[in-house]
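Working notes, structure below.
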Amino acid sequence: MGEIVRLQKYIAQSGAASRRHAEELIAEGRVKVNGKTVTEFGVKVEIGADSVEVDGKKLEPVLKKYYIMLNKPSGYVTTMSDEFGRPTVVELISGEIKARLFPVGRLDFDTEGLLLMTNDGDFSYKVTHPKFEKEKTYIAEVGGGLTISGLNRLRRGIKLEDFTTSPAAVEILDSKAGRYEIKITIHEGKNRQVRRMFEAIGTKVLSLRRIAIGEVELGNLPHGRWRHLTSHEINCLIR
Ligand code: URA
């Protein structure tokens with residue numbers, strides 16, 4: 001379903017008139033929705049589904065572009081719908097944003113943290129396509145079996161079943177009771193990559209949180225909450 005907006009907003013967004021002028025056009029009977037003249041206020045239209053004409057000329061809607069970051073909680077899928085009925089990240093934003101935003105790339109069901117969402121396909125392409133090489137930084141909590149030589153293998157680049165990773169930046173942040181908190185920055189975005197990298201050096205990821213994509217950081221955004229990206233952040237991601 002497309003975004004549903006007031007008719008005067010649709011007309012204004014298409015560039016045909018200011019919102020005020022659009023109201024006058026409606027009152028004067030110069031606007032048709034799906035072929036029928038509309039003169040009352042409060043009519044809403046669905047972008048991409050309804051057809052709107054002013055003085056017999058069809059308007060091309062300009063889709064408002066959204067660029068947001070969500071702090072994804074564990075227990076949500078990053079697909080638009082789920083065949084097993086599990087909660088989706090879309091549900092976390094749909095109460096507040098009516099446009100159809102999709103996740104940029106994906107995070108595992110039980111991975112938390114920074115997830116970008118947009119309705120701009122070009123933006124999504126630039127952030128996810130391997131040729132643009134956006135670094136992604138994660139905090140991984142890992143269990144026993146961790147060795148310095150294992151971490152050095154990650155630093156050099158490690159062979160997984162389907163590819164060899166680029167050298168990763170790896171730092172031990174904390175260690176407690178046989179568990180380690182590791183900050184790791186990788187350059188690719190392959191399926192379950194961080195989990196597979198730690199498996200390859202003989203340890204297991206117990207929890208995983210993405211804290212940055214390129215220069216854009218999650219910061220202290222609460223769990224399950226989202227915010228709009230700043231224009232500076234959008235530019236950093238697409239340049
Ligand atoms: N690497 C993983 O293993 N899982 C994610 O969700 C993201 C990166």
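Residue indices begin at 1 and follow the sequence shown. Counting starts at 1 for both ligands and their atoms, in listed order.
For residues 105-125, every residue pair satisfying the salt bridge (charged side-chain N to carboxylate O under 4.0 Å, His left out) rule, not counting sequence neighbours, is listed here: Asp108-Arg195, Asp110-Arg195.
The N/O atoms of Arg196, backbone and side chain alike, include none that comes under 3.5 Å of an N/O atom in ligand 1. Between Val194 and ligand 1, an N or O atom pair is found at a separation short of 3.5 Å.
Here Leu116 sits in one hydrophobic cluster together with Tyr67, Met69, Val104, Leu114, Phe123, Val127, Ile213, Val216, Leu218, Leu221, Leu229, Ile234, Leu237, Ile238; the rule is ILVMFWY side chains under 4.5 Å apart, joined directly or through other members.
Here Leu208 has side-chain heavy atoms under 4.0 Å from ligand 1, and that is the only part of it that gets that close. At a 4.0 Å heavy-atom cut-off, ligand 1 touches Thr111 through the side chain alone.
No option in Val142, Thr137, Leu154, Leu151 other than Leu154 meets the side chain to side chain contact (heavy atoms under 4.5 Å, CB included) test with Ile184.
What sits closest to atom 8 (C) of ligand 1 on the protein, heavy atoms only, is Tyr138 OH, 3.3 Å.
Between the Arg155 side chain and the Val170 main chain, a donor and an acceptor come within less than 3.5 Å of each other. When atom types are taken as modelled, the side chain of Thr203 and the backbone of Phe198 share no donor-acceptor pair closer than 3.5 angstrom.
Proximity to Asp108 (heavy-atom distance under 4.0 Å) selects the following atoms of ligand 1: 2 (C), 3 (O), 4 (N), 5 (C), 6 (O).
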